[in-house]
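Everything numeric here is computed off the predicted structure, so don't read it as measured data.
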Amino acid sequence: MPAKKTAPRKSTPKLRSIPGRATASKARGAKTPASPVAGAPEPATVAQLISFAAERFAHAELWFGHGTDNAVDEAAELVFFAAGLRHDEADEVYGQTLKAAHRTKALGLIERRIRERVPAAYLTHRMWFAGHEFYVDDRVLVPRSPIAELIEARFRPWIDPTKVRRILDIGTGSGCIAIASALAFPKAKVDAADLSPDALAVTRKNIDRHALQQRVRAVQSDVFDGLKDERYDVIVSNPPYVGDEELAGLPEEYRREPVMGLHGGSDGLDIVHRIIDQAAAHLQPHGILIVEVGNSEDALAAARPKMPFTWLEFERGGGGVFLLTREELTAKRKESL
């Protein structure tokens with residue numbers, strides 16, 4: 001979803017950054033070459049090909065927000081992936097000349113990124129979240145939630161980590177929140193719930209990748225409907241929260257993601273309201289609910305003016321994430337009866 005941040009990974013600080021949406025550095029109206037990668041340097045160092053790709057991304061006016069927020073980092077991910085390089089060795093390899101096969105592979109990815117307007121993560125089938133690598137494809141959203149920071153902090157100070165034994169991730173998609181939570185809480189069992197069978201196939205792939213079959217369970221569930229009377233210490237969710245108007249205006253890159261993972265009804269809050277209304281029955285007495293609603297924050301606050309939302313702040317950016325305790329949810333439910 002727009003404006004989300006991913007967990008950090010090595011970027012390219014020595015190269016010129018083109019923040020936000022790329023803008024052409026040459027005059028409008030200039031002829032676009034038949035191939036968007038025509039004129040690529042040959043041979044090319046890692047740094048040269050990254051700079052070339054970033055400039056091409058600028059002319060193509062790509063949109064970023066699926067793990068990177070600028071053309072240079074997006075280009076670096078494709079070049080590093082094609083060459084089999086690690087981001088943590090960036091400073092040492094910028095001057096390295098790419099092998100012909102690696103250059104060809106990188107140019108192919110760069111051309112697809114421009115022609116198809118597909119997020120880089122769908123080309124590389126990888127994304128990092130809370131410091132862990134996950135498999136992704138177009139059956140799931142690209143992981144980029146600020147909830148990663150909460151997981152890394154083990155949900156402190158909002159709950160005592162020693163009391164966390166059961167966690168639920170609603171709308172799990174790739175399973176990144178569920179799996180990162182399981183890795184942060186080695187003694188906890190985690191349910192990764194999603195309505196989409198396609199998404200759950202990706203979830204299971206990532207569960208297997210991280211060898212968490214004994215502690216993370218992929219569950220087909222429409223919000224809480226498939227979970228019976230299960231209770232949890234932490235319920236966390238990055239549900240669909242994009243409304244009709246915002247959905248219609250999304251850049252092409254976001255349209256490559258499954259609509260089911262983005263669209264939350266006319267105002268974006270259909271599923272969010274269901275989670276709020278039903279969460280108390282599935283939380284332990286000390287339990288907490290954490291939900292990301294992104295750009296729908298104002299709409300939710302207006303729709304529930306008496307709900308005591310705690311809106312969380314993040315060091316790495318991002319927002320639109322609220323926290324409610326079971327006690328707060330229960331009190332408001334009693335008031336409405």
Side-chain angles (χ1 to χ4, degrees), residues 6-7 9 67 121 124-137 139-156 158-239 258 260-261 275 278-292 323 326:
T6 186
R9 69 170 186 271
T124 62
H125 295 302
R126 69 180 187 181
M127 180 50 63
W128 287 262
F129 182 83
H132 308 288
E133 184 177 334
F134 293 89
Y135 172 86
V136 295
D137 61 31
R139 291 174 290 180
V140 298
L141 301 186
V142 177
R144 53 190 181 272
S145 173
I147 289 172
E149 282 191 36
L150 300 177
I151 297 171
E152 291 165 2
R154 302 186 75 213
F155 301 115
R156 288 186 295 253
W158 311 108
I159 195 169
D160 181 352
T162 65
K163 294 183 177 180
V164 176
R165 291 293 181 270
R166 297 291 310 281
I167 300 171
L168 169 64
D169 173 21
I170 298 174
T172 195
S174 65
C176 63
I177 289 176
I179 291 167
S181 296
L183 294 171
F185 294 89
K187 296 182 179 180
K189 290 192 174 182
V190 182
D191 282 345
D194 205 295
L195 181 60
S196 166
D198 285 341
L200 288 172
V202 178
T203 302
R204 293 187 181 96
K205 186 179 183 74
N206 281 315
I207 291 171
D208 292 344
R209 169 176 285 197
H210 290 276
L212 288 169
Q213 299 92 332
Q214 300 304 311
R215 292 198 297 116
V216 180
R217 178 180 65 150
V219 184
Q220 186 169 13
S221 180
D222 184 359
V223 188
F224 294 102
D225 290 354
L227 299 168
K228 299 182 180 179
D229 297 324
E230 299 280 1
R231 285 183 177 266
Y232 305 89
D233 305 295
V234 178
I235 297 175
V236 61
S237 181
N238 179 11
M260 184 178 179
I275 292 172
Q278 300 173 35
H282 294 274
L283 281 169
Q284 296 288 2
H286 60 271
I288 58 174
L289 170 68
I290 297 170
V291 181
E292 178 173 347
L323 180 145
R326 181 180 183 274

(message) Once side chain to side chain contact (heavy atoms under 4.5 Å, CB included) is applied, do any residues pair with A121, and if so which ones, sequence neighbours excluded?
(response) M127, V136, V142

(message) Tell me every residue that passes side-chain hydrogen bond (donor to acceptor under 3.5 Å, both in side chains) with Q220, counting only those two or more places apart in sequence or in another chain.
(response) none

(request) Indicate yes or no for a side-chain donor-acceptor contact from R215 to the backbone of A188 under 3.5 Å, with no hydrogens or angles considered. (result) yes

(request) Specify the closest pair of heavy atoms between G261 and L141, including all atoms of both residues, with the distance to one decimal. (result) O-CD1, 3.3 Å

(request) Please report the closest heavy-atom contact between G175 and T203, naming both atoms and the distance. (result) N-OG1, 3.8 Å

(request) Report the distance from atom CD of E133 to atom CG of N206, rounding to the nearest 0.5 Å. (result) 9.5 Å

(message) Any donor-acceptor pair under 3.5 Å linking the side-chain atoms of T162 with those of D160?
(response) yes

(request) Drop me the distance from L227's CG to D222's CG, to the nearest 0.5 angstrom. (result) 10.5 Å

(message) I'd like to know if D191 pairs up with R217 as an ion pair, taking the criterion as any Lys NZ or Arg NE/NH1/NH2 lying under 4.0 Å from an Asp or Glu carboxylate oxygen.
(response) yes

(request) Taking salt bridge (Lys or Arg N to Asp or Glu O under 4.0 Å) as the test, write out the residues that go with D225, two or more places apart. (result) R274

(message) Once ring pair (Phe, Tyr, Trp, His ring centres under 6.0 Å) is applied, do any residues pair with H125, and if so which ones, sequence neighbours excluded?
(response) Y135

(request) For F155, enumerate each residue passing the ring pair (Phe, Tyr, Trp, His ring centres under 6.0 Å) test, keeping only those at least two apart in sequence or located in another chain. (result) F185

(request) Apply side-chain contact (heavy atoms from CB on, under 4.5 Å) to R154 and V164, showing your working. (result) CA-CA 9 Å; R154 302 186 75 213; V164 176; over 6 Å; no

(request) Look up atom CD1 in I170 and atom CG in N238, then write down how far apart they are to the nearest 0.5 Å. (result) 11.5 Å

(request) For residues E292 and P146, determine if any side-chain heavy atom of one lies less than 4.5 Å from a side-chain heavy atom of the other. (result) yes

(message) For a quick test of reading the model, state the closest non-hydrogen atom pair linking V236 to I177 and the distance between them.
(response) CG1-CG2, 3.5 Å

(request) Give the minimum heavy-atom separation between A182 and V216, together with the two atoms involved. (result) CB-CG2, 3.5 Å

(request) Looking only at non-hydrogen atoms, find the nearest pair between I179 and I207 and report the distance. (result) CD1-N, 3.6 Å

(message) Let me confirm one number: the CZ-CG distance from R139 to D194, rounded to the nearest 0.5 Å.
(response) 12.0 Å

(request) Drop me the distance from E152's CD to F129's CZ, to the nearest 0.5 angstrom. (result) 8.0 Å

(request) Check A193 against S221 and note the closest heavy-atom contact, atom names and distance. (result) CB-CB, 4.1 Å

(message) Is the ring pair F224/H282 parallel, tilted or perpendicular, if the boundaries are 30 and 60 degrees?
(response) parallel

(request) Could you check if a side-chain atom of R165 sits within less than 4.5 angstrom of a side-chain atom of Q284, using non-hydrogen atoms only? (result) no

(request) Report the distance from atom SG of C176 to atom CD1 of I147, rounding to the nearest 0.5 Å. (result) 9.0 Å

(message) Are the side chains of H210 and L183 in contact, using a 4.5 Å heavy-atom criterion?
(response) yes

(message) Suppose the criterion is side chain to side chain donor-acceptor pair (under 3.5 Å): which pairs have a residue in residues 169-186, not counting sequence neighbours?
(response) D169-T172

